[in-house]
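Data first, discussion second: the structure below is written as structure tokens.
This chain uses plain numbering: 1 for the first residue, then up along the sequence.
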Amino acid sequence: MSKSRDIHHIPTLAALMTPFPYHIDIDATVEAALELMEAHGVHHLPVTRDGDLETVISRGDIERANAPGHRLEEQQLYVHDLCARRPYIADIHDPLDKILLAMADTGIGSVLVMREGELAGIVTVTDALHFCGKYLAELAQTADDSVA
């Protein structure tokens, strides 16, 4: 965030999304999804079927499935076993305030970002919090500089 922020201009998802996110096929094993998450330090993976965007899987989905009483230890789980929900999908040019409010109102942890019908990125709650913290710090710094 090197340039001054204009408080009257709302950023779009392009400002904070993780571009070209890692993704996994819906028929992959849950272990493969977890390994990919760990290898790249991410908590959410877009899920594809035959190259088309299908849904999203999170580390929380996997942890809940592995919790005692939720599955048999010997059972092999696949990504499609944990992906029943529809993902929240937004356009890269959508205003950030609209998306943040939707995330807060629905309790979703990630938004898949599309550009011209193709997956362009992902925004997670963590991304949003980091961006907002930096954005506010920069606004405060700009205000302090204008007073001096």
Write down the atom of [X], the atom of [Y], and the distance for their closest heavy-atom approach.
{"X": "Ser110", "Y": "Tyr88", "result": "O-CB, 4.1 Å"}
{"X": "Ala65", "Y": "Leu77", "result": "CB-CD1, 3.8 Å"}
{"X": "Ala120", "Y": "Ile92", "result": "CB-CD1, 4.4 Å"}
{"X": "Ile108", "Y": "Ala102", "result": "CG1-O, 4.4 Å"}

With a 4.5 Å limit on heavy-atom distance, are the side chains of [X] and [Y] in contact?
{"X": "Leu96", "Y": "Thr12", "answer": "no"}
{"X": "Ile26", "Y": "Glu54", "answer": "yes"}
{"X": "Leu13", "Y": "His93", "answer": "no"}
{"X": "His44", "Y": "Ile57", "answer": "no"}
{"X": "Asp91", "Y": "Arg115", "answer": "no"}
{"X": "His23", "Y": "Leu45", "answer": "no"}
{"X": "Met37", "Y": "Ile62", "answer": "yes"}
{"X": "Val111", "Y": "Met103", "answer": "yes"}

Under a single-linkage definition using a 4.5 Å side-chain heavy-atom cutoff for Ile, Leu, Val, Met, Phe, Trp and Tyr, are [X] and [Y] assigned to the same hydrophobic cluster?
{"X": "Leu119", "Y": "Ile122", "result": "yes"}
{"X": "Tyr135", "Y": "Leu101", "result": "no"}
{"X": "Ile89", "Y": "Ile99", "result": "no"}

Taking only residues two or more places apart in sequence, or in another chain, which ones meet Tyr22 in a ring pair (Phe, Tyr, Trp, His ring centres under 6.0 Å)?
His40

Does [X] reach the main-chain N or O of [Y] with its side chain, forming a donor-acceptor pair under 3.5 Å?
{"X": "Thr18", "Y": "Pro21", "value": "no"}
{"X": "Asp81", "Y": "Tyr78", "value": "yes"}
{"X": "Arg59", "Y": "Val42", "value": "yes"}

Kindly compute the distance separating [atom1] ([X]) from [atom2] ([Y]), expressed to the nearest 0.5 Å.
{"X": "Leu139", "Y": "Cys132", "atom1": "CG", "atom2": "SG", "result": "10.5 Å"}
{"X": "Gln141", "Y": "Leu136", "atom1": "CD", "atom2": "CG", "result": "13.5 Å"}
{"X": "Ile24", "Y": "Leu36", "atom1": "CD1", "atom2": "CG", "result": "5.5 Å"}
{"X": "Met114", "Y": "Asp94", "atom1": "CE", "atom2": "CG", "result": "12.0 Å"}
{"X": "Thr55", "Y": "Arg86", "atom1": "OG1", "atom2": "CZ", "result": "9.5 Å"}
{"X": "Leu82", "Y": "Asp61", "atom1": "CG", "atom2": "CG", "result": "6.5 Å"}

List for me each residue that meets side chain to side chain contact (heavy atoms under 4.5 Å, CB included) alongside Thr126, sequence neighbours excluded, and say none if there are none.
Thr124, His130

Partner residues of Ala128 under the side chain to side chain contact (heavy atoms under 4.5 Å, CB included) criterion, sequence neighbours left out:
Leu16, Leu100

Is Asp50 atom CG crowded by more than 12 heavy atoms from other residues, nucleotides or ligands, each under 6.0 Å away?
no

Check the surroundings of atom CD in Glu38: do more than 12 heavy atoms from other residues, nucleotides or ligands lie under 6.0 Å from it?
yes

What residue among Leu53, Val47, Val123 forms side chain to side chain contact (heavy atoms under 4.5 Å, CB included) with Leu112?
Leu53

